[in-house]
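Labels below follow one simple rule: chain letters A, B, ... track the order of the sequence lines, proteins then strands, and each chain is numbered from 1.
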2 protein chains.
Amino acid sequence: MTRWPLPEPMRLALDEALRAADEGEVPIGAVVVKDGKVVAAAHNRPRTLRDPTAHAEMLAIRAAAAQLGQERLEGCDLWVSLEPCAMCAGAIAHARIARVYYAASDPKGGAVEHGSRVFDQPTCLHRPEVYSGMGEAEAAEMLRTFFRDRR
Amino acid sequence: MTRWPLPEPMRLALDEALRAADEGEVPIGAVVVKDGKVVAAAHNRPRTLRDPTAHAEMLAIRAAAAQLGQERLEGCDLWVSLEPCAMCAGAIAHARIARVYYAASDPKGGAVEHGSRVFDQPTCLHRPEVYSGMGEAEAAEMLRTFFRDRR
């Protein structure tokens, strides 16, 4: 069976996730795209950077803002291998990201379709369009392998 | 009438908030304390740093983690002039902050006692003790003045 190829930004986000695993970090990767061009790519690095906020999405958003020289990422899309947590969903709203694409959902730590459902709050100042599921199997398998190997 | 003086870390957080206002940033300040000593102090700087994640709490947490050389801030307290948003509450949980003291509550953007109530979610991995109200009047007045002057 031939499957549709993944959109390039999700392919890159999954490659970033693999890079995190190689560094002993939970394998999650994120990419910011504007007008079809990759502005920033990053992977999860809290242990390496000794920074509890260094999730893939945060690093990608901060790098994109630095790259574009602006506080807000209007018109930018974020592609990430896992459903964002509350911290990252909050950052996505603050950054005014237009569209979020995530691969696997995360019932334990996710805050988009689970837990605090940040974008569904009446007080949320900016709601991105959200699309999920592309690359889900690969992203989830990477996480399963990572946690199995560390047991 | 003589009022009780504010605890020193909240005094410092409010001084940091004033510094933010002087820079044209929304006046919010935060301080991380461990064993009675200030480990990091920061104020809100998203515009100055062109970084949508540069809230006072995020900068203070990141500086404290860098200062202590560790990803988690166990045994640390965070003092902040305003109720943390979803992003900052998420970061507080990731950092394993022991106690959070905030001055003014924030019905519009807060995510501790309002909105997504991050620490109340069954999926929240770490719940700090939370205390609010000390310095409330001063913190709220600083915000009111800031937004009034910008109109």
Side-chain angles (χ1 to χ4, degrees), chain A residues 25-26 32 44-55 57-74 76 83-97 106-126, chain B residues 25-26 32 44-55 57-74 76 83-97 106-126:
Chain A
E25 301 273 9
V26 178
V32 173
N44 195 40
R45 303 186 76 192
R47 290 184 185 87
T48 312
L49 299 180
R50 297 182 181 180
D51 178 352
T53 75
H55 284 194
E57 301 94 312
M58 302 296 282
L59 296 176
I61 285 171
R62 293 180 56 214
Q67 173 70 24
L68 298 172
Q70 56 194 48
E71 183 197 346
R72 293 184 177 173
L73 302 177
E74 274 127 357
C76 289
E83 180 185 350
C85 71
M87 173 179 73
C88 294
I92 287 164
H94 291 313
R96 309 292 195 268
I97 294 277
D106 181 7
K108 283 187 186 168
V112 176
E113 53 175 313
H114 298 96
S116 40
R117 291 179 168 77
V118 171
F119 304 135
D120 294 346
Q121 301 303 323
T123 50
C124 184
L125 285 174
H126 170 82
Chain B
E25 301 273 8
V26 179
V32 173
N44 194 41
R45 303 185 78 192
R47 289 186 186 84
T48 313
L49 299 180
R50 296 183 181 178
D51 177 353
T53 75
H55 284 193
E57 301 94 312
M58 302 297 281
L59 297 177
I61 286 171
R62 293 180 56 214
Q67 174 70 23
L68 298 173
Q70 56 194 48
E71 184 198 346
R72 292 184 178 175
L73 301 176
E74 274 128 357
C76 290
E83 179 184 349
C85 72
M87 174 180 72
C88 294
I92 287 164
H94 291 313
R96 308 294 194 266
I97 293 277
D106 182 6
K108 283 187 188 168
V112 176
E113 53 176 312
H114 298 97
S116 41
R117 292 178 166 76
V118 171
F119 304 136
D120 294 346
Q121 301 302 323
T123 49
C124 183
L125 285 175
H126 169 82

Nearest heavy-atom neighbours spanning [X] and [Y]:
X        : Y        : answer
A/His94  : B/Cys85  : NE2-SG, 3.4 Å
B/Thr53  : A/Arg62  : OG1-CD, 3.3 Å
A/Ala65  : B/Arg50  : CB-O, 3.4 Å
A/Thr123 : B/Pro107 : CG2-O, 3.5 Å

Review point. Relative to chain A, which segment of B/His55 carries a heavy atom at a distance below 4.5 Å: side chain, backbone, both, or neither?
Key: side chain
Practice item. Check whether B/Glu71 gets within reach of chain A through its side chain, its backbone, both or neither, counting any heavy atom under 4.5 Å. Key: both
Check your understanding: chain A: which of B/Pro122, B/Gly109, B/Gly110, B/Ala91 shares the most heavy-atom pairs with it under 4.5 Å?
Key -> B/Ala91
Revision key, fill the gap. Given B/Gly90, B/Cys88, B/Ala86, the one with more heavy-atom pairs under 4.5 angstrom with chain A than any other is B/Ala86
Review point. In Å and rounded to the nearest 0.5 Å, what is the CD to NE2 distance from B/Gln121 to A/His114?
Key: 12.0 Å
Review point. Is it the case that more than 12 heavy atoms not belonging to A/Arg117 sit under 6.0 Å from its CZ atom?
Key: yes
Is chain B contacted by the side chain of [X], its backbone, both, or neither, given a heavy-atom distance below 4.5 Å?
X       : value
A/Arg72 : neither
A/Ala89 : neither
A/Pro46 : both

Exercise for review: Among A/Ala66, A/Ala64, A/Gly69, single out the residue with the greatest number of heavy-atom pairs under 4.5 Å to chain B.
Suggested key: A/Gly69
